[in-house]
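Just the heavy atoms: all of them, side chains too, but no hydrogens, waters or symmetry mates, feed the values below. What you see is a predicted model, and the numbers here were worked out from it, not measured in a lab. Sequence positions, counted from 1, serve as the residue numbers for this chain.
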Amino acid sequence: MRSLLRTLERSTLRDIALVCLADALVGASFGAITVSGGLPLWVPVVMSVLVFAGGAQFAAIGVVLSGGGALAAVATGLVLNARLLPFGFTVAGVLDGPWWRRLLGAQLLTDESVAFTLLQPDRRRRRAAYWVCGLALFAVWNASVLVGAAAGGMIGDTDALGLDAAFPAVLLALVLPSLTDPRTRTAALAGAVVAVAATPFLPAGVPVLLALSGLLFARRPADPARPADTADTARPADTAVPADPAGCPSDSAAKAGPSGDAAPSAPADSAGGAADRSRPTPLTEEVH
């Protein structure tokens with residue numbers, strides 16, 4: 001562990017410490033809300049060790065405390081944690097060694113650990129950043145959840161301290177960065193409308209799952225190059241501009257105006273001149 005700390009710069013270690021401090025406050029809120037809501041102390045503690053995902057834990061506990069079933073709570077947590085799948089592919093290169101070490105590293109996969117890993121310039125520092133950030137967050141999160149759960153049992157009413165606002169605040173913080181994309185914003189708004197409309201009629205937790213139907217409203221952006229490609233492929237092969245024997249466009253194409261219509265040709269000087277023009281030139285005779 002000491003060698004990992006020496007690998008990273010002081011600024012990186014400072015940023016990791018600040019993130020751990022912020023997560024400690026959220027973890028304490030999670031533990032206090034869970035216990036004050038009527039669940040036993042061991043539930044947030046075991047959940048933090050096994051799940052170790054703040055957003056998913058808040059979502060699952062929120063469903064349970066609002067009267068939802070265990071299946072809806074687990075499904076909600078899985079939906080939120082689905083974003084970690086591509087993260088795993090991204091940082092797989094830093095998880096080397098035996099299988100048990102890779103399994104432990106997978107448990108430490110979070111948004112913060114992936115972010116600090118990708119900021120490093122080389123593989124050695126990326127590996128150090130992942131393990132330092134992951135282990136530090138795991139220790140701080142579980143310790144703060146335990147402290148918050150113990151305090152929640154003594155406080156009783158967490159609403160008096162405003163800790164009930166931690167759940168929607170955490171979820172909002174997770175969602176806001178993604179709303180800059182118009183397609184994501186459309187899907188989120190449509191899903192919110194569906195969830196709000198279904199809340200009075202369905203059990204708690206189910207409207208959240210129905211909100212996934214908002215993805216149907218995220219239309220695929222139109223490809224600006226597609227019309228041009230279609231126009232090119234739709235042109236029949238026999239409509240190509242004819243060329244004279246020398247390989248140049250015909251006179252009618254060369255004299256076409258801006259609108260695409262052929263410019264009028266000059267009148268013939270005489271009948272003899274027209275006959276001369278209709279007579280094959282030496283170049284034409286050589287080609288034929």
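When all heavy atoms are compared, the tightest approach of Met47 to Ala56 is CE-O, 4.5 Å. Residues Trp131 and Val94 come closest through the heavy atom pair NE1-O, 4.0 Å.
Counted within 6.0 Å of CG on Leu71, heavy atoms from surrounding residues, nucleotides or ligands total 12 or fewer; the atom is thus considered open.
A salt bridge does not link Asp15 to Arg10: none of the charged side-chain nitrogens sits closer than 4.0 Å to a carboxylate oxygen. With respect to the salt-bridge test (charged N to carboxylate O, under 4.0 angstrom), the residues Glu9 and Arg125 qualify.
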Return all side-chain donor-acceptor pairs below 3.5 angstrom for residues 84-92, not counting sequence neighbours, or 'none' if the list is empty.
| unit_1 | atom_1 | unit_2 | atom_2 | d |
| --- | --- | --- | --- | --- |
| Thr90 | OG1 | Pro86 | O | 2.9 |

Identify every side-chain donor-acceptor pair in residues 143-152 under 3.5 Å, counting partners at least two apart or on other chains, and give the distances.
| unit_1 | atom_1 | unit_2 | atom_2 | d |
| --- | --- | --- | --- | --- |
| Ser144 | OG | Val140 | O | 3.0 |
| Ser144 | OG | Trp141 | O | 2.8 |

Run the side-chain donor-acceptor check on residues 101-109: report pairs under 3.5 Å with partners two or more places apart or on a different chain.
| unit_1 | atom_1 | unit_2 | atom_2 | d |
| --- | --- | --- | --- | --- |
| Arg102 | NH1 | Gly97 | O | 2.5 |
| Gln107 | NE2 | Val49 | O | 2.8 |
| Gln107 | NE2 | Leu50 | O | 3.1 |

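When atom types are taken as modelled, the side chain of Arg123 and the backbone of Gly93 share a donor-acceptor pair closer than 3.5 angstrom. Side-chain atoms of Thr117 come within 3.5 Å of backbone N or O of Ser113 as a donor-acceptor pair.
At least one side-chain heavy atom of Phe52 sits less than 4.5 Å from a side-chain heavy atom of Phe138.
For an aromatic pair to be called close, the ring centres must be under 6.0 Å apart, and Phe58 with Phe30 satisfies this.
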